[in-house]
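The residues of the chain are indexed from 1 along the displayed sequence. Counting starts at 1 for both ligands and their atoms, following the listed order. Treat the numbers as computed from the prediction; the structure is a model and nothing was measured.
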Amino acid sequence: MQNLTTIGFIGAGNMAYALISGLINNGFSAQNIKLSDTDAALLSLRADEFNLEVFTDNVKLAAQCEVIVFAVKPQVLSLVCKELQQHINHNPLIISIAAGVRATDINRWLGGDTAIVRTMPNTPALLGKGATGMLANEAVSDKQKALAGQILSAVGSCLWVEDEKMLDAVTALSGSGPAYFFLLIESMAKAGVALGLDEASAEKLSIQTALGASMMASSSDDSAHQLRAKVTSKNGTTQAAIESFQDQDFEMIVAHAMRAAFDRSREMGTELGDDD
Ligand SMILES: NC(=O)c1ccc[n+]([C@@H]2O[C@H](COP(=O)([O-])OP(=O)(O)OC[C@H]3O[C@@H](n4cnc5c(N)ncnc54)[C@H](OP(=O)(O)O)[C@@H]3O)[C@@H](O)[C@H]2O)c1
């Protein structure tokens, strides 16, 4: 990554921490990272840990950065944007990681004609294992797009989508997705206890199985469907379980749940953008 670029983070919470750690671990110089937050104690902690420059004034930070990452909660984003509106004449690239807030609303709050990359990361980003959907508006150059990709790659894998609606689909899949897997882990552990295992063993087996299956799916050339077929012997135990899932229309249950997340994401986008 170009160490000449200065990246400023507004909001010093969990996600900023994950991204800054990822950037520094990938060789980006802490001297070119700046951080602002309203919480002076948190800033002091971050400054000590990363040895970077911190600000309690977002405007001062923004003036010094070519890339500004919005890492505040969605509900405060409009305030942050409006505060910066008169102070981004140097045309920085804006990267928002705030869930649900549309790039069109961010652009309007910033006064228009701003280069904006809206992203939808997920919680495993905190471990460097995130999955992030990204959307660039028309003002973003190819160089800025590449830079945004490099920054988000510091916490996992990224892919670009073409419109806001596709970010709602990303939200329904990978954004909310970790919770679906937690639910499956939880349900399998409970079912294991019902079959006689003690709670700790059932939970351990359930978590390790999720980890192993996920690693197999990500490292194998086979699709998830092929991997499933390979471990499902005719008349065996796995087949009995899969048939039971299918009898309850498991695919439809998942499809309905994701449609509900997609619809809610669209609703929230409207609610969060409707503050003028
Ligand atoms: N955590 C995740 O896994 C995850 C996943 C996907 C997307 N996201 C998105 O990432 C964003 C950040 O999430 P997070 O978990 O890092 O939140 P967080 O830990 O609450 O961090 C946000 C920080 O911003 C500070 N802040 C509030 N108002 C501010 C202002 N006007 N100027 C500067 N800083 C301000 C907050 O201070 P106070 O606490 O004092 O208000 C807090 O320290 C959110 O929009 C969320 O939707 C998070």
Exercise: do N122 and S174 side chains pair donor with acceptor under 3.5 Å: no

First-shell residues of ligand 1 [heavy atom, distance under 4.0 Å]: I10, G11, A12, G13, N14, M15, D37, T38, L42, N58, A71, V72, K73, P74, V76, V80, I97, A98, A99, P121, N122, T123

Test side chain to side chain contact (heavy atoms under 4.5 Å, CB included) applied to D57 - qualifying residues, sequence neighbours left out: V59, K60

N-O pairing of E53 and K34 below 4.0 Å: yes

Exercise: identify the closest heavy-atom pair between L42 and A12: CD2-O, 3.5 Å

CD/Q85: more than 12 non-hydrogen atoms of other groups inside 6.0 Å: yes

Test salt bridge (charged side-chain N to carboxylate O under 4.0 Å, His left out) applied to R266 and E271, step by step: CA-CA 9 Å; R266 287 177 65 81; E271 286 164 17; over 6 Å; no

